[in-house]
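Please read the structure below before turning to the comments.
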Amino acid sequence: EDQVTQSPEALRLQEGESSSLNCSYTVSGLRGLFWYRQDPGKGPEFLFTLYSAGEEKEKERLKATLTKKESFLHITAPKPEDSATYLCAVQAGGNTGGFKTIFGAGTRLFVKA
Amino acid sequence: EPEVTQTPSHQVTQMGQEVILRCVPISNHLYFYWYRQILGQKVEFLVSFYNNEISEKSEIFDDQFSVERPDGSNFTLKIRSTKLEDSAMYFCASSVVPNQPQHFGDGTRLSIL
């Protein structure tokens, strides 16, 4: 069964304290892995797309990496405004020839000043 | 920056009533999606739509659900006879092609009484 698991469920950091979020997946026919940020009451906001093992993407304090079984979102020197839920989503082939997107449960990040 | 817009932001409906949720995807996007997020749970894929057809749907998307692109700009999700368990946040998303990033609206909160 296709599955996406994120850890930890919640992470509390001090401002400037770097850390990593994990997304492990088991899907057949990976088409892409996506990272999103979700603020309360809002829709997911796109951060990164990764397509193949070894790929890395960077944006400001965030860096995403991908292996064959998992992805990491590294946060360097976080600020309070980085507090949000970070979602990992995997796109795979569907049952009727299309594509389906499977989301993990997310990691709630709290950054304290 | 272009964005996906959803209306209404909050819909309250009596159980058994029909409800239509509306979305205006980004104008040059070709693929459209609906997701739902029950409070405190994962974002769940419902359906993807391309070229006026459903290209993939999940087990959740049963005969009570339907989607339509009634004109060149709107994309709708209809629930025929709502149940209490349909209470959730419903997100619309769109993308240029399937394995490119999906851009999400801010959702419609559906409350079934």
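Chain letters run A, B, ... following the sequence lines, proteins first, then strands; residues in each count from 1.
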- Message: Is it the case that atom CZ in A:Arg12 sees more than 12 heavy atoms from other parts of the structure closer than 6.0 Å?
- Response: no

- Item | Residues, nucleotides or ligands: over 12 heavy atoms within 6.0 Å of A:Glu81 CD |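 Counting other residues, nucleotides and ligands, CD of A:Glu81 exceeds 12 neighbours.
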
- Message: Test: side chain to side chain donor-acceptor pair (under 3.5 Å). Region: residues 20-35 of chain A. Which pairs qualify, not counting sequence neighbours?
- Response: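 Counting only pairs at least two positions apart or across chains, the side chain to side chain donor-acceptor pair (under 3.5 Å) contacts touching residues 20-35 of chain A are A:Ser20-A:His74, A:Asn22-A:Glu70, A:Trp35-A:Ser71.
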
Report whether [X] and [Y] are members of the same hydrophobic cluster (ILVMFWY, side-chain heavy atoms less than 4.5 Å apart, transitive linking).
X        : Y       : value
A:Leu30  : A:Leu73 : yes
A:Val111 : A:Leu62 : yes
B:Ile60  : B:Met15 : yes
A:Leu66  : A:Ile75 : yes
B:Phe91  : A:Leu87 : yes

- Tell me, out of B:Arg109, B:Gln100, B:His103, B:Met89, who's got the most heavy-atom pairs with chain A below 4.5 Å.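 Maximum pair count with chain A is reached by B:Gln100.
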
- Task: Heavy atoms only, distances under 4.5 angstrom: which of B:Pro98, B:Ser58, B:Gly107 has the most pairs with chain A? Name it, please.
- Result: B:Pro98

- Task: Given side chain to side chain contact (heavy atoms under 4.5 Å, CB included), test B:Phe104 with A:Tyr36 step by step and report yes or no.
- Result: CA-CA 10 Å; B:Phe104 285 75; A:Tyr36 290 89; 3.7 Å; yes

- Item | Residues in residues 45-60 of chain A that sit under 4.5 Å from chain B, counting heavy atoms only |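 From residues 45-60 of chain A, the residues near chain B are A:Phe46, A:Thr49, A:Tyr51.
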
- Query: Which residues from residues 101-108 of chain A are near chain B, with near meaning under 4.5 Å between non-hydrogen atoms?
  - Reply: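 At a heavy-atom separation under 4.5 Å, chain B is reached by A:Thr101, A:Phe103, A:Gly104, A:Ala105.
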
- Message: Using heavy-atom distances under 4.5 Å, tell me whether B:Tyr35 contacts chain A through its side chain, its backbone, both, or neither.
- Response: side chain

- Message: Just to be sure I understand the criterion: a residue of residues 38-54 of chain B counts if one of its heavy atoms is under 4.5 Å from a heavy atom of chain A. Which ones qualify?
- Response: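 The list, in residue order, reads B:Lys42, B:Val43, B:Phe45, B:Ser48.
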
- Task: Report the distance from atom CD of A:Gln91 to atom CD of B:Glu56, rounding to the nearest 0.5 Å.
- Result: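 The CD atom of A:Gln91 sits 10.5 Å away from the CD atom of B:Glu56.
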
